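Here is the structure we will look at.
Numbering of ligands and ligand atoms starts at 1, following listing order. Keep in mind the model is a prediction, meaning the values are calculated, not measured. One-based numbering along the sequence shown.
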Amino acid sequence: MKKLRRSMLFVPGTSAAMLSTAFIYRPDSIMFDLEDAVSVHEKDAGRLLVFHALQHPMYRDIEKVVRINALTTPFGLKDLHAAVHAGADVIRLPKTDSPEDIYALETHLEAIEKACGRQVGSTRLMAAIESATGVINAVAIARSSPRLIGIALAAFDYVMDMQTERGDGTELFYARCAVLHAARAAGIDAFDVVWSDINDEQGFLKETDLIRRMGFNGKSLINPRQIALLHQAFTPTPQEVEQAKQVIEAASEGEKQGLGVVSLNGKMIDAPIINHAQTVLERAAASGLYH
Ligand SMILES: CC(C)(COP(=O)(O)OP(=O)(O)OC[C@H]1O[C@@H](n2cnc3c(N)ncnc32)[C@H](O)[C@@H]1OP(=O)(O)O)[C@@H](O)C(=O)NCCC(=O)NCCSC(=O)C[C@@](O)(CC(=O)O)C(=O)O
Ligand SMILES: [Mg+2]
């Protein structure tokens, strides 16, 4: 079954307290951050803390993502070594502007995997797109490596690059569409931006509703209070679950009977409808609605 990624929680790499408790909030993925949540003076300390957190047994059953610093900084390669050696599932590359950024990362990654006895290709990647250049190159980035599980739009750096500021979402309209289309064209996940005002639940829910309807798989989050709200917004209604069950049943019945085309209540069921029904059931199962 495809891994569900609705919530990806940023945990600052230098916060020993947050690193030691983040697993209790059960986001779909935890993202240990060595980049912008960590000051340049604390990069080594953050890397060491994250190296140990990655190996903690309480994180065994949760997808572990590490946001490294760019490889053009003095920290990026050291971050990559530490993350891969400690067993990170996914490396998130910030400020990805072109496929060449991913090729460079892959070259280092392959050497590190070989050196530490990890299967080559087992470390997956995620590219964060944070600039106009990145958005323009989104399709090439999304298609640049079979290791990629998804691409994420990063609004704070993006609006700075665009010489604007965060508002009602108009400022992200083109970038969201571009990133989402690139991800879908490449067959990988698409993640929306962080919502920074943790006390503005209404604003968060409005944005979450928009990006869910657009087709994003989930969002990057900065606070555990946002997890339940996000998961609830991605939980299908009982009617949607019932409809999805009927679609899957009708499709499997049709397959047993060798029918090329199947219909349910007069409506044709094709592959996209079946895929959507499976996603609905996965989201329902993750929320405990359907077993
Ligand atoms: C905002 C705030 C200070 C508020 O703290 P507060 O303490 O007031 O919050 P409370 O709700 O009171 O916390 C209740 C309990 O949860 C604990 N708790 C809170 N947050 C937790 C957490 N994240 N993980 C685990 N635990 C957590 C807390 O320790 C407490 O535990 P306890 O005391 O035991 O009860 C805090 O959340 C926080 O630091 N967030 C992470 C910020 C961050 O990572 N920024 C960088 C990533 S964005 C970026 O870089 C831009 C980007 O690059 C993005 C892109 O690329 O997508 C772009 O360009 O757009
Ligand atoms: Mg950023």
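- Contact annotation for Leu9 and ligand 1: only side-chain heavy atoms (C-beta onward) come within less than 4.0 Å of the ligand.
- Ligand-side atoms of ligand 1 in range of Ala37: 44 (O), 46 (C), range being under 4.0 angstrom from any heavy atom.
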Glu110 and Lys114: salt bridge (Lys or Arg N to Asp or Glu O under 4.0 Å), yes or no, with the steps? CA-CA 6 Å; Glu110 192 171 324; Lys114 281 180 183 158; 3.2 Å; yes
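- Counting heavy atoms under 4.0 Å from ligand 1, residue Ala154 touches it through both backbone and side chain.
- When atom types are taken as modelled, the side chain of Asp192 and the backbone of Ile211 share no donor-acceptor pair closer than 3.5 angstrom.
- Neither the backbone nor the side chain of Tyr158 comes within contact range of ligand 1; no heavy atom lies under 4.0 Å.
- Here's the thing with Ala128: none of its N/O atoms is less than 3.5 angstrom from an N/O atom of ligand 1.
- A salt bridge links Arg147 with Glu113: the distance from a Lys NZ or Arg NE/NH1/NH2 to an Asp or Glu carboxylate oxygen falls below 4.0 Å.
- If you check the side chains of Ser287 and Arg6, you find no donor sitting under 3.5 Å from an acceptor.
- The one candidate from Arg283, Glu282, Gln243 that meets the side chain to side chain contact (heavy atoms under 4.5 Å, CB included) condition with Pro236 is Arg283.
- No heavy atom of Phe191 sits closer than 4.0 Å to any atom of ligand 1.
- Excluding waters, the set of protein N, O or S atoms lying under 2.8 Å from the Mg ion (ligand 2) comprises Glu130 OE1, Asp157 OD2.
- Checking side-chain atoms of Glu130 against main-chain N and O of Lys95 turns up a donor-acceptor pair under 3.5 Å.
- Residue-level proximity to ligand 1 for Glu130 is carried by the side chain, the only part with a heavy atom below 4.0 angstrom.
- Taking a 6.0 Å sphere around NE2 of His181, one finds it holds 12 or fewer heavy atoms contributed by other residues, nucleotides or ligands.
- Listed for the Lys219 side chain is no donor-acceptor partner under 3.5 Å among the backbone atoms of Phe191.
- For the pair Lys43 and Phe75, the distance from NZ or CZ to the six-membered ring centre is under 6.0 Å and the angle to the ring normal is within 45 degrees.
- A side-chain donor-acceptor contact under 3.5 Å links Ser20 to the backbone of Ala16.
- The closest approach between Glu35 and ligand 1 stays at or above 4.0 Å for every heavy atom of the residue.
- At under 3.5 Å, a nitrogen or oxygen of Ile222, whether backbone or side chain, sits near a nitrogen or oxygen of ligand 1.
- No more than 12 heavy atoms of other residues, nucleotides or ligands sit less than 6.0 Å from atom CD of Gln163.
- Counting only non-hydrogen atoms, the option in Lys95, Arg92, Met18 that gets closest to atom 55 (C) of ligand 1 is Arg92.
- Between the Asn137 side chain and the Asp97 main chain, a donor and an acceptor come within less than 3.5 Å of each other.
- Where the criterion is an N or O separation shorter than 3.5 Å, residue side chain and backbone included, Val11 fails it with respect to ligand 1.
- The distance criterion of under 3.5 Å between nitrogen or oxygen atoms is met by Asn223 with respect to ligand 1.
- Considering both main-chain and side-chain atoms, Arg225 comes within under 3.5 Å of ligand 1 through a nitrogen or oxygen pair.
- For Ala155, the closest heavy-atom approach to ligand 1 falls below 4.0 Å.
- The closest approach between a heavy atom of Pro224 and any atom of ligand 1 is below 4.0 Å.
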